[in-house]
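Written below as structure tokens is the structure these notes are about.
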Amino acid sequence: MSNPTSLTLRTYQVGFGDCFLLTFHYPSPTGDRHILIDFGSTRAPNKLLAKLPAALPKQLKKQFPGLKAPVSASKHMELVAEDIAVQSGGKLHVVVATHRHKDHISGFATNTEGTASGNIIRRLKPDLVVLPWTEHPKAKTDAEEAPSTIENTRAFVSSLAAMNSFADAIEKEATRLIKLRAEAGRKSTPTLNSLQFMGENSIANKSAIKNLMTMGRKVAYVNFGSREGKSALHALLPGITTHILGPPTLVQSEAIRTQRSRDNDEFWTLAATAASRFVAGGELLFRDAEVSEIPPHAVWLTTRMDRMRLQSMSALVRVLDDAMNNTSVILLFEAGKARKKFLFPGDAQIENWLYALSAAPVKERNQIRKLLMDVDLYKVGHHGSLNATPKTLWGLFEHRSSDVHAGRRLSTVVSTKSGVHGRTEATRVPRTKLINALRHDSNLQNTNASQQFFLESKFDLQ
Amino acid sequence: MAKRTKAELSEKSLLRPFTIVAQDPSVRLSKKPLFTQVMVPAETLAPGPWGYRLQVIDYDSSTQTLYKAWADTAPDEGCFEDPFADSAAKDPESLLQDPKFHQCNAYAISMRILARFEQALGRRVSWQFKTHQLKIAPHAFAEANAYYSRRDECLLFGYFPGKHGPVFSCLSHDVVAHETTHALVDGLRQRFLDPSSPDQAAFHEGFCDVVSLLSVFALRDVVDAALRLTGRSNLTTKLRRKLVNGRVLTAEAMRESILLSLAEQMGQEMSLVRGRPLRASARLSPGTQYLTQAEFQLPHRRGEIFVAAMMQAFLAVVEERIRGLSAESFDDTDTSRPIWLDRTRVLEEAAKAADHLLTIAIRALDYTMPVHLTFADYLSAMLTADREVVGDDGLYGYRPKLLASFQSYGINPASDDDESGVWLSASKLEGQSKFKKLRYGGIHFRSLQTDVDEVFRFLWENRVPLELTDEVYTRVLSVRPCVRLSPDGFFLQETVAEYVQIIDLTPPDLHRVKIRVPKAISRSMRIRLTGGGTLIFDEYGKLKFHVHNHVLHARKQAERIDFLWNNGWFRDGRSMTTVDFSGLHRQRILDSPRFSEEAWQ
Ligand SMILES: [Zn+2]
Ligand SMILES: [Zn+2]
């Protein structure tokens, strides 16, 4: 049986977003196997764009000789797709979309002309597309679970859809308010910018999802421990065991989903309707009621109420952001003779990790802990936010070392852009404390600190 | 609804009537919405309504619209008319869609709760901010939420789309009463919103639910309707004949019938604003295990234990009062033989019990320490408040029932003075040999009732017997004379004063005063310790009670620091802020546990 001998990891500079191309090198006749994990961006890498096309890889420069500065953000995404096509020799084996956030899937969107980045990826004919179970087209109406939870699952999955439309309304409202301020010659505020960003990031990306569901020969909708996903991956990646550590199903995560989560699910459907229906210039609450100008004595309160409303929207959009991150697929590849371990958790936060780390049956849990202790590469969760690298997880990694020359020192990679996500010091992404710890105890690659088209690292698997 | 006489409505009368929605618009009797009339302190209102304590501003921040304010009409023949009594009878459905009615509904319920507090305390209460008027926004935003904001000096009520048109939280008696109570408790005890212990965080929520529930029992129309709507037991047998079988009115049976059905009703439409705390409380049967269970460490869940203990005591009192209605003995062995009671009298007894318990509950706030309250402290405060006006041989035994009920939920009184659980009185303290005598020399009794500096002088002079630490910041917050009315019409005069003590200490400082702190806390972190007490003086200016928390209490402060550390406080980027109700109330719906220890704070 053939074993991969090495791995090349390419981390594309996509601004705020994720895009990883893993290439496992096998002895012939197997050749190379290519896995694309996520392809999305919510804020472009402006510094890199300014250096294009000069900073393009050689092959691309040759391929697009007529390209002139400035290169637009969408053109940049096409170029990333083209480079993936080049690097993979026109054939992807596996595409993984960890969760439906824009910064993880926008690159999969297509256009009718067939020129969008999603069209380019589609032409690479992936054998397998891996998506979280929450994206299963039947999840809304049918769930491969015990009957008692079908209703819960349906409610949960439709609440995710409601979150998308709530986000849509929030993004529209933030954009409207920013425009109003601009017309009055005033700058936007950090709260409005953050609302607009978080709203935009959670809007349903129908084109990308549809493309993901149909581009592969096979689609696997996976959850913690799902066998089907594991064997589909194994068939394409000989010598590699892929452990699926998340997301847990509702049955698995019952312990952390509280009894009131049904109210929770209903809440989002309602929030979405409320936020899209009742906006300025839209439908009035009372059809025939008389309205007034705001008298001077009321201005103190109305100004505060406007501000409170924005804060409330921010709080909600943050809850929603967390909920979607927690649908992330968590993959751990164990590869080659050396059994090296590569961990890609998407944007999973502790609520998603909880099952693998502490709620799964003891035997399974102990196996997982053992695997995690031995991790060689960790893709930092959620662009380095404060709660997507659970301290329990970080504590498990045994190859952490402050010695830069240590033999098998942990490698980490973070794809992020500062000043976009998080409004206060406490919520800022990436979190300085975390970045410092990563820098201190691992070989860190940080897209935020680089203006290259992609970062490359190689791992020996023998 | 009973018609009020001209005399009752006269301009000179101290009260004026308002029609309000009895519970919320979803509660209907023969398909009609249920209204009731309440009396609130009479005043000539500016458009809003805008009165001396409340100001309604009907601004909707989601649509950025200001709805025109309801305007008062001049009293007709010296009478304040109920502005909506006619429409409630003729066209109830349109009334429910009239913003002006909404404005008055929120105003009247809020005002009624405020008046109830002032009546129980025997004095005026102030808000926890510098202005006199609390603002109310009845249609504040399109979101299923409602909350009190101290910083913004207002109550905000949201609305949201429902199956049959928008649902308005300002029309829910429960929601309006609950939020108003938050504002009132905050006015009385500012530091109850500070991060302290699981109990203190839960107390605000639980207390507001209790006030809301008990004030509903005073609305006879509502309780009557609940009795009639109860389809679960044979309670309804013969109800139409104005009789009810006293045998089925045991505390246990009433919890499962009346209380639960009221709670269900109150929770139905508003569950997305309020969660279902009342239903959960009504279902929480006695047990001493809850307090230590993980799920009951979250404030909104822990509050349910408090509500359950209060309501259990309430039902026990009602049961006893109901039994007093019949000359027949309930103790005979033939329980199948019904004992028929007059339904109106039954409702009357429930209302009286609710009213008295509400008075005790509110008055007890005056007997609590100003910082770091626990359920145990509050229980002792209630027992003391009642003993002061009702004496030792009170009818119906409220105190033993409160004590038994709280103990059945694992809450024991904080005072271990004797079996009664009341606070240790100053006179008893002075009787103890180790205790130094209190000094009153040079203290002016008149000033002691009104002047914070005079109270401070008393405090400083007596810092040794009162066990105060002098090496900390000490300040008297307020001093207020009160006149308490007992159920049998006798007056009790008291003066209540509160003080706080504050000091910021680093872990090494804390070590020196024997307060243990978690090792992980940075040695340079300054941790704020607060302590303080409430002084109750009698009508002659003698100290009756000193209810306090010592600022350097080694065990209690160590427990508190430990609890706060485990909940994510004292980490950088995180300052000690007060509870934010907008978030807390949302938490009831989105009920997610927190994992501070896993985050990179
Ligand atoms: Zn995400
Ligand atoms: Zn509350």
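Throughout, protein chains are lettered first and strands after them, A, B, ... in sequence-line order, and every chain is numbered starting at 1. From a predicted model like this one, the values you see are computed outputs, not experimental measurements.
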With a 4.5 Å cut-off on heavy-atom pairs, point out which of Thr389(A), Leu393(A), Asn387(A) contacts chain B the most.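 Maximum pair count with chain B is reached by Thr389(A).
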
Among Met308(A), Arg277(A), Gln349(A), which residue forms the greatest number of heavy-atom pairs with chain B at distances under 4.5 Å?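 The residue among Met308(A), Arg277(A), Gln349(A) with the greatest pair count is Met308(A).
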
Which heavy atom of Ala289(A) sits nearest to which heavy atom of Tyr67(B), and what is that distance?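 Of all heavy-atom pairs spanning Ala289(A) and Tyr67(B), the closest is CB-CD2, 4.0 Å.
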
Of all heavy-atom pairs between Trp300(A) and Arg151(B), which one has the smallest distance, and what is that distance?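 Shortest heavy-atom separation between Trp300(A) and Arg151(B) comes out as CH2-O, 4.2 Å.
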
Taking every non-hydrogen pair under 4.5 Å, which of Gly165(B), Ala142(B), Pro161(B), Pro166(B) racks up the most with chain A?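 The option with the most such pairs is Pro161(B).
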
Given the options Ile57(B), Leu156(B), Asp152(B), which has more heavy-atom pairs under 4.5 Å with chain A than any of the others?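 The answer is Asp152(B).
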
Can you tell which part of Ser62(B) gets under 4.5 Å to a heavy atom of chain A, answering side chain, backbone, both or neither?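 Both parts, heavy atoms under 4.5 Å.
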
Taking side chain as C-beta onward, heavy atoms only, is [X] less than 4.5 Å from [Y]?
| X | Y | answer |
| --- | --- | --- |
| Pro295(A) | Leu66(B) | yes |
| Val291(A) | Lys68(B) | no |
| Lys135(B) | Met305(A) | no |

Below 30° counts as parallel, above 60° as perpendicular, anything between as tilted: where do the rings of Phe168(B) and Phe286(A) land?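 If you compare the ring of Phe168(B) with that of Phe286(A), the planes turn out parallel.
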
Neighbour count >12 (heavy atoms, 6.0 Å) for atom CZ, Arg369(A):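 Atom CZ in Arg369(A) is not crowded, with 12 or fewer foreign heavy atoms closer than 6.0 Å.
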
Glu293(A), CD: over 12 other non-hydrogen atoms inside 6.0 angstrom: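 No.
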
List the steps and the verdict of side chain to side chain contact (heavy atoms under 4.5 Å, CB included) for Gln64(B) and Thr302(A). CA-CA 9 Å; Gln64(B) 296 183 305; Thr302(A) 59; over 6 Å; no

Carboxylate-amine/guanidinium proximity below 4.0 Å for Lys100(B) and Glu290(A):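 A salt bridge links Lys100(B) with Glu290(A).
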
Nearest 0.5 Å, please: how far is OG in Ser149(B) from CZ in Arg304(A)?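 Answer for the CZ-OG pair, Arg304(A) versus Ser149(B), is 7.5 Å.
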
NE2-CG distance between His139(B) and Leu285(A), expressed to the nearest 0.5 angstrom: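 The NE2 atom of His139(B) sits 6.0 Å away from the CG atom of Leu285(A).
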
List in chain and number order the residues that pass side-chain contact (heavy atoms from CB on, under 4.5 Å) with Lys172(A), two or more places apart in sequence or in another chain; answer none if no residue qualifies.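 Lys172(A) satisfies side-chain contact (heavy atoms from CB on, under 4.5 Å) with Asp168(A) once adjacent residues are dropped.
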
Quick one: do Phe278(A) and Tyr159(B) satisfy ring-ring contact (aromatic ring centres under 6.0 Å, His included)? Show the steps, please. CA-CA 10 Å; Phe278(A) 300 109; Tyr159(B) 62 90; 5.0 Å; yes

Backbone of Ala140(B) reached by a side-chain donor or acceptor of Arg309(A) within 3.5 Å: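 Absent.
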
For Leu301(A) and Tyr59(B): C-alpha separation, side-chain torsions, deciding distance, then whether side chain to side chain contact (heavy atoms under 4.5 Å, CB included) applies. CA-CA 9 Å; Leu301(A) 183 70; Tyr59(B) 177 67; 6.0 Å; no

Contacting moiety of Ala437(A), where chain B heavy atoms sit under 4.5 Å: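 When you check distances to chain B, only side chain atoms of Ala437(A) fall under 4.5 Å.
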
